[in-house]
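One structure below.
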Amino acid sequence: MKKTLFDKIWDSHVVESIPDGPDILYIDKHLIHEVTSPQAFNELKERDISVFRSGQIVATADHNTPTENQHLPVKDLLSRKQLKELTQNCEDNNITLYGLGHPYNGIVHVMAPELGITQPGMTMVCGDSHTSTHGAFGTIAFGIGTSQVSQVFASQCLLVEKPKKLRVNVDGKLKKGVLPKDVILYIISKLGTNSGTGYFCEYAGNVFEEMSMEGRMTVCNMSIEMGARGGLIAPDETTFEYVKDKEFAPKAEDFEAIKAYWETLKTDEDAEFDQEYTFEAEDIEPMITYGTNPGMGIKITGAIPMEGGKSDAKALAYMGFKPGESLLDKTINWIFIGSCTNSRIEDFREAAAYIKGKQKAENVNALIVPGSRQVAAQIEAEGLREVFENAGFTLRQPGCSACLAMNDDKIPAGEYCVSTSNRNFEGRQGQGSRTILASPLTAAATAVSGKLTDFTKNLN
Amino acid sequence: MEKFITLTDTAVPLEIENVDTDQIIPARFLKATDKSGFGENLFRDWRFDSNDEPNPEFALNKSEYKGAILVAGDNFGCGSSREHAAWAIKAYGFKVVVSSYFADIFKGNALNNGLLPVQVSPKFLELLFIEITKDPSVEIKVDLEAQEISIPKKDISESFDIDPYKKTCMINGFDDIDFLVSKLDAIKEFETKRSQKLQATKPL
Ligand code: SF4
C-alpha cells in the first residue's frame, strides 16, 4: 500500500495495536521541562515505578525562568521550588538536564533541534503543545499531558490512536517581506483553529522545500494552533545539512548510513490523505491577528472582517477593535521577539537587518529574547547585539518569557503587543494584555514606527 | 482513577466558544508541583475581576447554576497541553464536560483524569443551552455504558462516541500506566527487534 511520510514513521514505531483501541507507540525521545513534569514524577513515586529509559529523556528549564540575572538565585519562590524539584528529579532518575545557566539551556523546542537531539524519522514527545515544532525534521512530534509524561517515564511508550492525515500544499513564490510566520498565520486564518483536530498535517510544496530549517520549525510549531496534533515536512538535503555535525547527531559513517534511511522518508506518490488543502504563495502577505485566537488573522493592510459570531464580538471587545476597522497606524507600545516560534538566529538576523541604522520609536518597549544560550551566543558573535542595543531594544537572556508571562516579563493590562509568539489568547502575555501575532520583521518594523505600518514599501 | 458509569445532575452553561486552556487555568497558577488547589483558580480571570471580586455575570458565579456537568461552547480546551486544565475542572467539582468539539490534547487529559468529555452535535448543544437557561434545575443524564446523554424530563436524547478502550478504562477506573507497565516485556522485545536504522536514532 502507498504510504505517507507520517504512516512510515508511525507504523515503524507501533509495538502493538490494541484491537478496537489505540496503538502502543514507541517514543524515541522524550523532552521534559519544569512545569509539566513534577506531577508526573510524583505519580511514579506514588506507584513505586522507576523511569524505564532515562537515556532517552532530556530536560531543560525554560517556562518559568527569569530572563535577567540568570546567574543569581531565582527570586520567585514558587518558580525556584519548581526548578529545584526538576533538578532533584533529574538527579534521582539519571536524566540529562540542561538547567539554567548551562550552555545548552534554552526553550525546549529551540535547544533540542540545535543539539541534534531531534532527527528525522523519530517519534518525540514533550509535555508542551508546541512539540509539533520538531516535525520540521520529518519527525512525528507532539505535545502530551502530564499523565502521558508519566506513561512515557514508565514505559517509553504511549497509548495513542493513530490520527488522520492532512496535507497542506503551498506552491509559488513568496512576496518580499513575507516570512514563514506569515505563511502559517495565513494558513490558520483560512482554515480556522479546529480544522486540524484529529489530524497530523504534512506541509508540502516548493515553498516549504525552499524554506530554511528555522522557517520550517516556525511553520510546524503552529500546527497545533489549527488544532492538529502535529505537523511535519519531509526531510531533505536542507535537513541533513542542518543535523550533520550537531552535538548528538550520528557521526561519519553512521551519519551516512542513517542518511540513506532518512532519504526514504517521504510520502509515496498517490498515497492518500483524509483531507487536503492547497494555497498559492502569491496570495500571502505579511499577517497580523486582530482577535484572541490565532485563526483571527488578516493581512497587515487588510480590514477586520464585518461578519462574525458571538465569540468574535467578545474577542473584538477584549482587543478594543471594531468590525471593518483597519489596524494600520494603530499605536503599539510593546513588541516581543521571542518564543519557540520565532527565537532562532534567523529570526534575529531578519529583525536586525531591518533595524540596523534605525531607532525604535519613543513610545515602544522592545523586548528581544533569544530561544537558547546558543542563539544568544550567536547574536553576540554576529554583532547583532550592538544593532539591537543601538536601536534602543532590550536584549534579555533565553527562556519562554513574555510568550506565556509566567515570569516577570509581562505586558501591562490594556496595552497592545506585536508578538512573534504563537498565542494571542486573552491574558496570555499578562492579565489584560492584548496580543497581535506577527513575524519578526513585522515586529521590528512596528518597533521602529511605533505603530502598525505597511513596511513592505520600505523593503528593497 | 475514579470509576465513571452514569451521572444525573444539573448543569452549568458556559456559552463561550474556543475556551482555551489559558482561560481554564492561567499560566501564573502553574507553579505548583502537585495536583491540588487548582479548582480555586478555575477560569480565574473570568470568575474574578482585577480586585479579586467575583464577576456576577460569569456563569459559575450565578447561584442558580449548580451541578457536576459543565456545558460549554464549541472547540473547548484548545491551546496549551497543560493537564492542569483538566485537574482544575475536576477539582472544582465537575465530572462531565459537554461541548460540540474538544481539542485533542484536552480530551486525552480529561479522560486520563476521570473527567468525561461528551461531544454532542451543535444542534443538541444549542438545545442544552436553551433548556438549562430556561430552567436551571433541569437534570441531565449522562450514561457512559449506553453512550447516551439526555434530558429525561423532556425526553430529549442523543448518543455520543467514545473510544472503546477509553470507555472500558473509565468504567473500570483503570489507567494507561497500569496497562503499559503490564506490556513492558513486549516493549523490550520491540526495542531489540526494531531495525538497525531505527536503533541508530536511539542513543543520545
Ligand atoms: S515559548 Fe511559549 S509556546 Fe513555546 S514552549 Fe515556551 S511557553 Fe510554550
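In what follows, chains are A, B, ... by sequence order, proteins preceding strands, each numbered from 1.
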Who wins among Ser79(A), Ser147(A), Pro38(A) for the most heavy-atom pairs under 4.5 Å with chain B? Ser147(A)

Side chain / backbone / both / neither for Val160(A) at chain B, heavy atoms under 4.5 Å: neither

Quick check on Phe142(A) against chain B: is it the side chain, the backbone, both or neither that has a heavy atom closer than 4.5 Å? neither

Centre-to-centre under 6.0 Å for Tyr92(B) and Trp87(B), is that the case here? no

What's the spacing between Ile224(A) CD1 and Thr131(A) OG1 if we round to 0.5 Å? 8.5 Å

For residues Phe179(B) and Tyr165(B), establish whether the separation of their ring centroids is below 6.0 Å. yes

Does one side chain, of Asn407(A) or His63(A), offer a donor that lies under 3.5 Å from an acceptor on the other? no

Within the 3.5 Å criterion, strictly below it, is a donor on Asp23(A) or Ser17(A) matched to an acceptor on the partner's side chain? yes

Do side-chain atoms of Ser155(A) reach the backbone of Val152(A) as a donor and acceptor pair under 3.5 angstrom? no

Whether the side chain of Gln147(B) engages the backbone of Phe160(B) through a donor-acceptor N/O pair (distance < 3.5 Å, no angle test) should be reported. yes

If one checks every heavy atom of Asp45(B) against chain A at 4.5 Å, the contacting part turns out to be side chain

Look at Thr33(B), Ile105(B), Leu30(B), Asp176(B) and state which one has the largest set of heavy-atom pairs under 4.5 Å with chain A. Thr33(B)

Which word best sums up how the rings of Phe255(A) and Trp262(A) line up, parallel for under 30°, tilted for 30 to 60°, or perpendicular for over 60°? perpendicular

Hey, which of Val181(B), Asp20(B), Asn109(B) has the most heavy atom pairs under 4.5 Å with chain A? Asp20(B)

Among the options Lys166(B), Arg82(B), Lys183(B), pick out the one with the most heavy-atom pairs lying under 4.5 Å from chain A. Lys183(B)

Could you have a look at Asn293(A), Ile144(A), Thr36(A), Leu158(A) and say which one has the most heavy-atom pairs with chain B under 4.5 angstrom? Ile144(A)

Please classify the contact of Arg428(A) with chain B as side chain, backbone, both or neither, using a heavy-atom distance under 4.5 Å. both

Identify which of Glu34(A), Arg47(A), Lys410(A), His130(A) forms the greatest number of heavy-atom pairs closer than 4.5 Å to chain B. Arg47(A)

Given a strict heavy-atom distance threshold of 4.5 Å, which part of Glu426(A) is in contact with chain B: side chain, backbone, both, or neither? both

Using a cut-off of under 4.5 Å for heavy-atom pairs, which of Glu161(A), Glu225(A), Glu247(A) has the most such pairs with chain B? Glu161(A)

Check each atom of Gln39(A) against the heavy atoms of chain B and say whether the ones under 4.5 Å are side chain, backbone, both or neither. both

I'd like to verify something: which residue of Gly227(A), Gly427(A), Gly21(A), Gly198(A) has the highest number of heavy-atom pairs under 4.5 Å with chain B? Gly198(A)

Which atoms of Asn422(A) come close to chain B, meaning under 4.5 Å heavy atom to heavy atom: side chain ones, backbone ones, both, or neither? neither

Pick whichever of Thr168(B), Ile16(B), Asn75(B) has the most heavy-atom pairs under 4.5 Å with chain A. Asn75(B)

By the definition side-chain contact (heavy atoms from CB on, under 4.5 Å), identify the one residue from Thr193(A), Ile188(A), Asn194(A) that meets it with Met226(A). Ile188(A)

Who among His84(B), Lys107(B), Lys167(B), Arg44(B) has the most heavy-atom pairs with chain A under 4.5 Å? His84(B)

Between Ile24(A), Thr197(A), Asp76(A), Leu78(A), who has the most heavy-atom pairs with chain B when the cutoff is under 4.5 Å? Thr197(A)

Does the side chain of Gln119(A) come under 3.5 Å of the side chain of Lys29(A) through a donor N or O and an acceptor N or O? no

Honestly, the part of Phe102(B) sitting under 4.5 Å from a heavy atom of chain A is backbone

Assess the pair Phe153(A) and Phe52(A): is the distance between their ring centroids shorter than 6.0 Å? no

Using heavy-atom distances under 4.5 Å, tell me whether Asp178(B) contacts chain A through its side chain, its backbone, both, or neither. both

Side chain, backbone, both or neither of Leu404(A) within contact of chain B (heavy atoms, under 4.5 Å): both

Heavy atoms only, distances under 4.5 angstrom: which of Ala86(B), Ala103(B), Ser80(B) has the most pairs with chain A? Name it, please. Ser80(B)

Below 4.0 angstrom, N of the basic side chain to O of the carboxylate: do Asp28(A) and Arg194(B) qualify? yes

Ring centroid separation for Phe76(B) and Phe106(B), is it under 6.0 angstrom? yes

